[in-house]
Protein chains: 2
Amino acid sequence: MTAGPAEDTRTRLLQTALRLFTEHGVEGTSLQMIADALGITKAAVYYHFKTKAEITEAVAEPGIRDLDELVRRAATQKRRGAQVDLLLEGFVDLVIRHRSLVALFSSDPGIARAIEKSAHGGAEGFGQAMLGILSGPDPDTTARVNALVTLTGIAMAGGSPDLARVDDEKLRTELLDVGRRLLGRPRRRSLAPVSTL
Amino acid sequence: MTAGPAEDTRTRLLQTALRLFTEHGVEGTSLQMIADALGITKAAVYYHFKTKAEITEAVAEPGIRDLDELVRRAATQKRRGAQVDLLLEGFVDLVIRHRSLVALFSSDPGIARAIEKSAHGGAEGFGQAMLGILSGPDPDTTARVNALVTLTGIAMAGGSPDLARVDDEKLRTELLDVGRRLLGRPRRRSLAPVSTL
DNA sequence: GTCTATACCTCGATAGAC
DNA sequence: GTCTATCGAGGTATAGAC
């Protein structure tokens, strides 16, 4: 965890891997491609990571951690309205913070495999947990569709190249707005956190 | 185009390929996997298709054709409201008709590559054309976000395993409803096509 | 027209020199 | 920490038997 010359290559490697993953997919990205992009050899990559799976896990890890914490925090809220609001805001923040990574999560089977071993039983687990909160207990089809469109829409739109040049603050406001509309939540007046509904 | 024993293997091959593509991604699916699932050999696969790219193109082709026709038809509408309504309804129908294929389109880089050579300059071209219609001329960020969330949300939700057991008619109604709400279109009373707004 | 056998390449991964 | 060399497995693609 200490910053140093060793971490430098490791960090560049993960950044490069994420970029290539979004361009070609996880399975479509070879270690050779990563090595070439960094100007090193495949064997040098293996000095930093034992396997390719270890790379994908390391790429996904920051997102997983935030997602995990978000789901836990949302679940502790007593009132369902508060659960939904917290989850929605937290998810939008997470999408903003990680942008392209979240889009990868939603779609790439390679990432799904990598997350499978983590808490909650994998990406599917996180998705189900979030859907459960957003769609409520014993949801009808309408509620399930709304929750699904909200989560996937926010994730894909947030990670889309079409919005890459929109600054964080603006995108955050827009995604929150569309999410509230989809879930039938009242629109907030200010951006400051509120303790009561 | 004639139905026969030769076409049978070809059809089964494409169905199997689509299923495997959705499970493992395009790049994550090998010809060996397709051949094994069909109980034939890799070389037998090459009798039906010259390259793997040709398979992915053939898998995507029905969706491409429908998408192409939809965008053309929408563009011929005079009033913008009619363009949006026609595109939204057509897109929902298309998602229902192809379900998992559309979800693949939205996400898999392998599919994107395969479509790249087709009309409109590839998947990106279709996406941009649809976004252009839904978000209107000279759109602000809000309109662009709404259009993006609508398209990606409907596509991903429609292709999601979570909704696989919802029947077509019900899912169609729900997706149309959420799309209209997102785009601020008036809700229809009946499912029958209307000629005036 | 359909599949077997096989060529050839790149994959992920390892060993050991520097 | 990065390199060269190499492995076995599995990838795409082809030649030719039936």
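Note that the structure is a prediction, hence the values are computed from the model and not measured. Numbered from 1 within each chain, the chains take letters A, B, ... in sequence-line order. No hydrogens, no waters, no symmetry mates; every other heavy atom, side chains included, goes into these values.
- The NZ atom of B/Lys50 sits 16 Å away from the C1' atom of D/dA15 (whole-angstrom rounding).
- Comparing A/Glu27 and B/Thr41 by the nucleotide of DNA chain C that holds the closest heavy atom to each, the one mapping nearer the 5' end is B/Thr41.
- Residue B/Ser30 places at least one side-chain N or O under 4.0 Å from the OP1 or OP2 atom of D/dG11.
- Nucleotide C/dC9 holds its P atom 20 Å from the CD atom of B/Gln32, rounded to whole Å.
- Atoms CE (A/Met33) and C1' (D/dG11) sit 15 Å apart, rounded to a whole Å.
- Nearer the 5' end of DNA chain D, as judged by each residue's closest nucleotide, is the contact made by A/Tyr47, out of A/Tyr47 and A/Ala43.
- Ionic pairing of A/Asp168 and A/Arg99 is present here: one or more N-O contacts between side-chain nitrogen and carboxylate oxygen are shorter than 4.0 angstrom.
- Annotation: side chain of A/Thr9 is not in contact with side chain of A/Tyr47 (no heavy-atom distance under 4.5 Å).
- Contact check, B/His48 against C/dG1: no side-chain N or O comes under 4.0 Å of OP1 or OP2.
- Residue side chain A/Lys42 reaches the base of C/dG12 through a donor-acceptor N/O pair under 3.5 Å, judged by distance alone.
- A/Arg144 places a side-chain N or O within 3.5 Å of a backbone atom of B/Asp162 that can act as its donor or acceptor partner.
- For the pair B/Ile40 CD1 and C/dG1 P, the computed distance is 17 Å after rounding to whole Å.
- Between A/Lys52 atom NZ and C/dT10 atom P there is a gap of 16 Å when expressed in whole angstrom units.
- Residue A/Tyr46 has a polar side-chain atom (N or O) positioned under 4.0 Å from OP1 or OP2 of C/dA13.
- A/Ile34 places its CD1 atom 11 Å from the P atom of C/dA13, with the value rounded to the nearest Å.
- At whole-Å resolution of the value, CG in B/Leu13 and C1' in C/dT2 are 13 Å apart.
- B/Arg185 places no side-chain N or O within donor-acceptor distance of the main-chain N or O of B/Leu88, the cut-off being under 3.5 Å.
- Regarding A/Leu31, its CG atom lies at a distance of 4 Å from the P atom of C/dG12, rounded to whole Å.
- The main-chain N or O of A/Val26 is found under 3.5 Å from a side-chain atom of A/Asp108 such that the two form a donor-acceptor pair.
- At the phosphate of D/dT2, OP1 or OP2 sits under 4.0 Å from a side-chain N or O atom of A/Thr9.
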